[in-house]
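This report refers to the structure that appears directly beneath it.
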Amino acid sequence: MCGIVGYAGPSEASGRPLDVALDGLRRLEYRGYDSAGVALVTPGQGGVASAKKSGKLANLVEEIAAHPLPDATASIGHTRWATHGGPSDANAHPHLADDGRLAVIHNGIVENFATLRAELAADGATFLSETDTEVTAQLLAREYRAAGDLTAAMAATARRLTGTFTLLAVHADAPGTVVGARHDSPLVVGIGEGENFLGSDVAAFVAHTSEALELAQDQVVTITATSVDVTDFDGTPAEGKRFTVTWDAAAAEKGGFGSFMDKEIHDQPQAVADTLLGRSDAQGRLVLDEVRIEESVLRAVDKIIVVACGTAAYAGHVAKYAIEHWCRVPVEVELAHEFRYRDPIVDERTLVVAISQSGETMDTLMAVRHAREQGAKVLSIVNTHGSSIPRESDAVLYTHAGPEIAVASTKAFLSQITAAYLLGLYLAQLRGNKFPDEVGVLLDELRDMPRKVRTVIERGEYVRATARSMAESDKVLFLGRHVGYPVAMEGALKLKELAYIHAEGFAAGELKHGPIALIDSGQPVFVVVPSPHGRDQLHSKVVSNIQEIRARGARTLVIAEDGDDEVRAYADEIFWVPRAPSLMQPLLAVVPLQIFAMALAGAKGLDVDQPRNLAKSVTVE
Ligand code: F6R
């Protein structure tokens with residue numbers, strides 16, 4: 001939530017600080033798009049120049065084109081997801097203080113802002129906005145007047161704030177310097193040659209450098225063109241952790257597709273393949289070096305709790321079926337924001353698995369902390385390096401999906417399922433529930449999935465055409481059973497968030513217990529049909545469910561496996577997916593649902609990459 005970028009360059013003023021800030025904001029816009037703004041340190045031109053505009057980044061770019069900004073030596077930039085104060089020009093960041101010589105941007109929520117505002121107002125400060133950020137700017141200005149040093153002032157400010165924050169500031173007195181601080185909100189450093197960067201995530205600067213520094217909680221960082229200094233909030237020098245970004249800037253571009261979402265759907269075979277890559281030895285046996293939790297602890301685990309939100313939680317639901325089946329250990333899936341507040345039963349024998357694309361979701365981060373406080377080991381499945389959740393976990397299994405820019409998650413879902421399956425197989429092998437050769441067979445099935453996912457994507461045109469013909473729909477239902485149930489919920493979520501259509505996912509067996517009352521003539525219902533070759537007669541049960549809704553007038557849109565002739569008679573539309581073992585089917589069945597939601601939103605003229613009210617990486621609770 002909120003994208004933040006900072007840049008410190010050579011002492012010779014130039015247009016680069018503005019270019020870097022705008023390019024960084026373009027790459028971070030998925031984090032929030034209620035407003036955008038920049039501040040530049042402009043030695044010899046009055047100290048600090050700024051521009052800000054409500055709405056998307058394009059509005060700011062237009063504003064700057066109409067009123068050009070001077071050359072500069074440092075910059076900060078912000079793209080906002082509104083919390084305190086609506087999305088207006090006045091509430092947009094940066095916020096200025098110290099007679100316009102200090103500029104501040106902020107991600108997070110300052111919880112004690114009302115007290116601080118009253119204190120500062122009593123001291124003579126005046127405020128132009130309703131934001132908590134302006135309060136931090138005024139506080140920083142006061143601390144700066146006292147300390148005469150921006151880094152010390154930032155540390156003093158950070159010590160006064162409660163809540164969550166990443167702050168960046170520039171001051172006219174420190175022309176080539178950007179100072180930042182973080183508490184429960186993301187900030188990473190990009191290390192360039194003769195220039196340095198700050199960003200909410202590496203996407204902000206990966207076009208300029210792939211060398212990065214991870215900051216720990218409660219640290220202040222000061223960058224100039226040639227230095228990066230880190231301290232704790234009490235001023236004690238500290239070290240960041242160096243890492244190299246493994247994807248290049250092109251991975252964060254649309255690559256010829258009309259939208260990031262379309263590109264990311266097409267990235268999915270690669271995302272699954274890359275997540276599997278390097279995780280087996282020369283004999284093809286599963287090796288997960290990253291699982292740095294003692295084997296004796298993992299053998300003793302008597303319960304697994306998956307904590308996650310949204311799409312990541314649905315990936316967890318899918319994984320539950322597989323892990324319980326393979327490992328014979330109970331798996332609960334809990335929305336991270338519910339977990340922490342319900343006094344969950346967690347102890348040293350519980351393994352908590354946190355799933356998160358961004359690695360920054362505050363609800364999930366808080367659940368991780370709570371679990372560890374209760375003595376549980378936490379293993380996280382995360383896509384973004386340098387993020388908070390892996391740092392606070394006992395072990396991390398990275399998905400290798402590459403940057404996911406579209407706000408609605410697609411390739412992260414597939415790679416999360418893949419990583420969770422690897423974990424399940426690893427535990428099954430370790431705990432003796434499966435022999436290595438059995439694990440090998442399942443791994444081979446997984447390795448075959450990228451090819452099959454590609455086939456589903458290649459069949460996408462029929463899904464798109466169907467979606468275009470349904471642009472007027474106002475309610476769509478989704479049914480699934482077993483692993484098809486979370487897929488149905490994920491399909492409904494995609495449609496809600498992209499096309500703003502009321503959509504609901506149900507367990508097919510639950511329908512007759514109430515929701516079937518929703519069905520009337522012409523009601524579109526997607527049904528994820530299990531493999532006819534699977535166990536437990538699930539297929540025939542779902543076919544019966546289709547007949548029940550059809551008898552009540554539903555229009556059935558069926559996801560079925562190639563060759564499933566039985567279902568053909570009951571489907572108004574069929575989206576075929578290749579044959580796969582039951583537990584692998586979610587990796588295929590979800591793809592037509594993603595394509596459908598994207599195409600229907602497109603047919604309604606909506607922005608599929610940046611749906612209204614949403615932001616990627618939800619860093620507030
Ligand atoms: C939906 C979506 C969200 C995220 C959720 C968790 O398309 O993207 O539901 O899945 O906010 O985000 P991460 O995975 O970053 O923790």
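Order of listing sets the numbers, starting from 1, for every ligand and every atom in it. By convention here, the first residue in the shown sequence is residue 1. Values in this document were obtained by computation on a predicted structure and should not be read as measured data.
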For F526, what residues pass the side-chain contact (heavy atoms from CB on, under 4.5 Å) criterion, not counting sequence neighbours?
V476, F478, L557, I559, F575, L593, F596
Could you check whether [X] pairs with [Y] (Lys NZ or Arg NE/NH1/NH2 to Asp/Glu carboxylate O, under 4.0 Å)?
X    : Y    : result
E461 : R468 : yes
K56  : D34  : no
D347 : K303 : no

Which ligand 1 atoms, with their elements, are less than 4.0 angstrom from a heavy-atom of [X]?
X    : value
S356 : 13 (P), 14 (O), 15 (O), 16 (O)
V407 : 8 (O)
A312 : 10 (O), 14 (O)
A408 : 7 (O)

Which residue holds the protein heavy atom closest to [atom], what is that atom called, and what is the gap in Å?
atom                    : value
atom 11 (O) of ligand 1 : V618 CG2, 4.1 Å
atom 14 (O) of ligand 1 : Q357 N, 2.6 Å
atom 7 (O) of ligand 1  : E497 OE2, 2.5 Å
atom 15 (O) of ligand 1 : S358 OG, 2.7 Å
atom 6 (C) of ligand 1  : C309 O, 3.3 Å
atom 3 (C) of ligand 1  : T311 N, 4.1 Å

Go through the structure and list residues passing side-chain hydrogen bond (donor to acceptor under 3.5 Å, both in side chains) with S380, not counting sequence neighbours.
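Per chain and number, S380 pairs via side-chain hydrogen bond (donor to acceptor under 3.5 Å, both in side chains) with S393.
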Would you please test E334 and R342 for side-chain contact (heavy atoms from CB on, under 4.5 Å) and show each step?
CA-CA 10 Å; E334 181 97 29; R342 71 162 176 95; 2.6 Å; yes
For K494 and ligand 1, answer yes if some heavy atom of the residue is under 4.0 Å from a ligand atom, otherwise no.
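Heavy atoms of K494 do come under 4.0 Å of ligand 1.
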Report yes or no: does N383 have a heavy atom closer than 4.0 Å to ligand 1?
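No, that is not the case, since the closest heavy atom of the residue is not under 4.0 Å from the ligand.
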Would you check, one step at a time, whether the test side-chain hydrogen bond (donor to acceptor under 3.5 Å, both in side chains) holds for T311 with K494?
CA-CA 9 Å; T311 292; K494 290 286 92 86; 3.1 Å; yes
Geometric N/O contact T361 with ligand 1, under 3.5 angstrom
yes
Go through the side-chain N and O atoms of S388 and E360 and say whether any donor and acceptor fall under 3.5 Å apart.
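On atom types as modelled, these side chains qualify, holding a pair under 3.5 Å.
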Is a donor on one side and an acceptor on the other found under 3.5 Å between the side chain of E404 and the backbone of Q357?
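Not at all, since once roles are kept as given, no pair shorter than 3.5 Å links the two residues.
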